[in-house]
Enquirer: 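Here it is, the structure in full.
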Amino acid sequence: MKKILLALLVLMLLLPAAGKPSEGAPLHYEKYGNIAIAVVRTDYPGTSVTDYEFLGRKKSGNGLAVDSFLFLIKDKGIEKNVLIKAEHSLISQNLISLHVTEAPFNQK
């Protein structure tokens with residue numbers, strides 16, 4: 001848990017321009033995708049991310065949403081899926097919680 005909090009703190013310090021308008025319309029999941037990437041890099045140092053996918057956003061009636069991201073990582077020759085769910089407020093744009101789940105990679 002300390003690693004996640006440290007990663008979030010570092011990310012917030014490295015992205016001071018996040019609130020400024022940028023060229024073109026940013027993807028609605030970009031902020032939480034960057035947080036998810038930082039968490040994977042912190043929780044799995046020395047691994048390589050071989051694939052990354054935004055799975056979608058689920059909204060709840062109370063102004064909250066959950067963005068889901070799936071990472072395929074390679075750790076010491078073993079491929080793993082890492083699912084990250086970022087719950088956040090649609091009103092304040094603040095992160096509420098972050099859930100990281102690891103599962104073996106299943107090839108089809």
Side-chain angles (χ1 to χ4, degrees):
M1 185 67 176
K2 289 181 183 179
K3 289 181 181 180
I4 292 172
L5 292 175
L6 178 62
L8 291 175
L9 179 62
V10 168
L11 184 65
M12 294 303 170
L13 292 174
L14 294 176
L15 296 174
K20 297 178 183 176
S22 62
E23 294 179 18
L27 301 173
H28 68 279
Y29 59 85
E30 183 176 23
K31 175 180 179 180
Y32 303 104
N34 287 334
I35 292 171
I37 290 168
V39 168
V40 168
R41 286 182 180 158
T42 302
D43 285 356
Y44 299 93
T47 62
S48 60
V49 176
T50 58
D51 198 11
Y52 161 79
E53 182 179 0
F54 173 64
L55 298 177
R57 174 177 282 180
K58 292 184 181 178
K59 296 180 184 178
S60 61
N62 55 1
L64 298 178
V66 176
D67 287 354
S68 298
F69 304 90
L70 183 65
F71 292 85
L72 177 61
I73 64 168
K74 197 168 206 174
D75 186 14
K76 298 176 187 166
I78 300 171
E79 291 184 317
K80 299 176 186 177
N81 284 316
V82 177
L83 177 66
I84 296 184
K85 293 185 177 185
E87 182 179 19
H88 57 93
S89 169
L90 294 171
I91 299 164
S92 68
Q93 301 298 314
N94 289 333
L95 182 66
I96 306 291
S97 66
L98 196 68
H99 302 279
V100 180
T101 308
E102 183 181 310
F105 175 70
N106 296 321
Q107 288 185 331
K108 295 181 181 178

Enquirer: Any chance you could pull the hydrophobic cluster mates of Leu90, using side-chain heavy atoms under 4.5 angstrom and chaining through other members?
Expert: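 Grouped by the 4.5 Å side-chain rule, Leu90 forms a cluster of one, so the answer is none.
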
Enquirer: Please list all pairs passing the salt bridge (charged side-chain N to carboxylate O under 4.0 Å, His left out) test where one or both residues lie in residues 94-104, with sequence neighbours left out.
Expert: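 Those involving residues 94-104 are Lys80-Glu102.
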
Enquirer: Between Ile84 and Ala36, which heavy-atom pair has the shortest distance, and what is it?
Expert: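 Heavy atoms only, the tightest pair is CD1-O, 3.5 Å.
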
Enquirer: What pairs with Ser92 under side chain to side chain donor-acceptor pair (under 3.5 Å), at least two apart in sequence or on another chain?
Expert: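 Ser92 satisfies side chain to side chain donor-acceptor pair (under 3.5 Å) with Ser89, Asn94 only.
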
Enquirer: By side chain to side chain donor-acceptor pair (under 3.5 Å), which residues pair with Gln93, not counting sequence neighbours?
Expert: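 Here no residue qualifies.
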
Enquirer: Please name the residue in the list Thr42, Ile37, Asp43 that meets the side chain to side chain contact (heavy atoms under 4.5 Å, CB included) test with Val39.
Expert: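 Output: one option passes, namely Asp43.
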
Enquirer: Side-chain heavy atoms under 4.5 Å apart, restricted to Ile/Leu/Val/Met/Phe/Trp/Tyr: what other residues fall into the cluster of Leu83, or is it alone?
Expert: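 Its cluster mates, by chain and number, are Leu55, Leu70.
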
Enquirer: Under a 4.5 Å side-chain heavy-atom rule over Ile, Leu, Val, Met, Phe, Trp and Tyr, are Val49 and Tyr44 clustered together?
Expert: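 Yes, Val49 and Tyr44 fall within the same hydrophobic cluster.
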
Enquirer: Under the salt bridge (charged side-chain N to carboxylate O under 4.0 Å, His left out) definition, can you give me all pairs with a residue in residues 52-73, not counting sequence neighbours?
Expert: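 Checked against salt bridge (charged side-chain N to carboxylate O under 4.0 Å, His left out) - neighbours excluded - the pairs reaching residues 52-73 are Arg57-Asp67.
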
Enquirer: Check Leu72, Asp51, Ile73 against Asn81 for a side chain to side chain contact (heavy atoms under 4.5 Å, CB included) and give me the one that passes.
Expert: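 For Asn81, the side chain to side chain contact (heavy atoms under 4.5 Å, CB included) test succeeds with only one of Leu72, Asp51, Ile73, which is Leu72.
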
Enquirer: Return each pair, listed once, that meets ring-ring contact (aromatic ring centres under 6.0 Å, His included) where at least one residue sits in residues 57-76; pairs must be two or more places apart or across chains.
Expert: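 Of all non-adjacent pairs touching residues 57-76, those that pass ring-ring contact (aromatic ring centres under 6.0 Å, His included) are Tyr52-Phe71, Phe54-Phe69.
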
Enquirer: How far does NZ of Lys74 sit from OG1 of Thr47, to the nearest 0.5 angstrom?
Expert: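 Here the interatomic distance stands at 11.5 Å.
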
Enquirer: Show, in sequence, the C-alpha distance, side-chain angles and deciding distance for Val82 and Thr101, and conclude whether the side chain to side chain contact (heavy atoms under 4.5 Å, CB included) test is met.
Expert: CA-CA 6 Å; Val82 177; Thr101 308; over 6 Å; no

Enquirer: Which hydrophobic side chains are connected to Ile78, either touching it within the sub-4.5 Å cutoff or through other members that do?
Expert: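 Noted: Ile78 shares its cluster with no other residue.
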
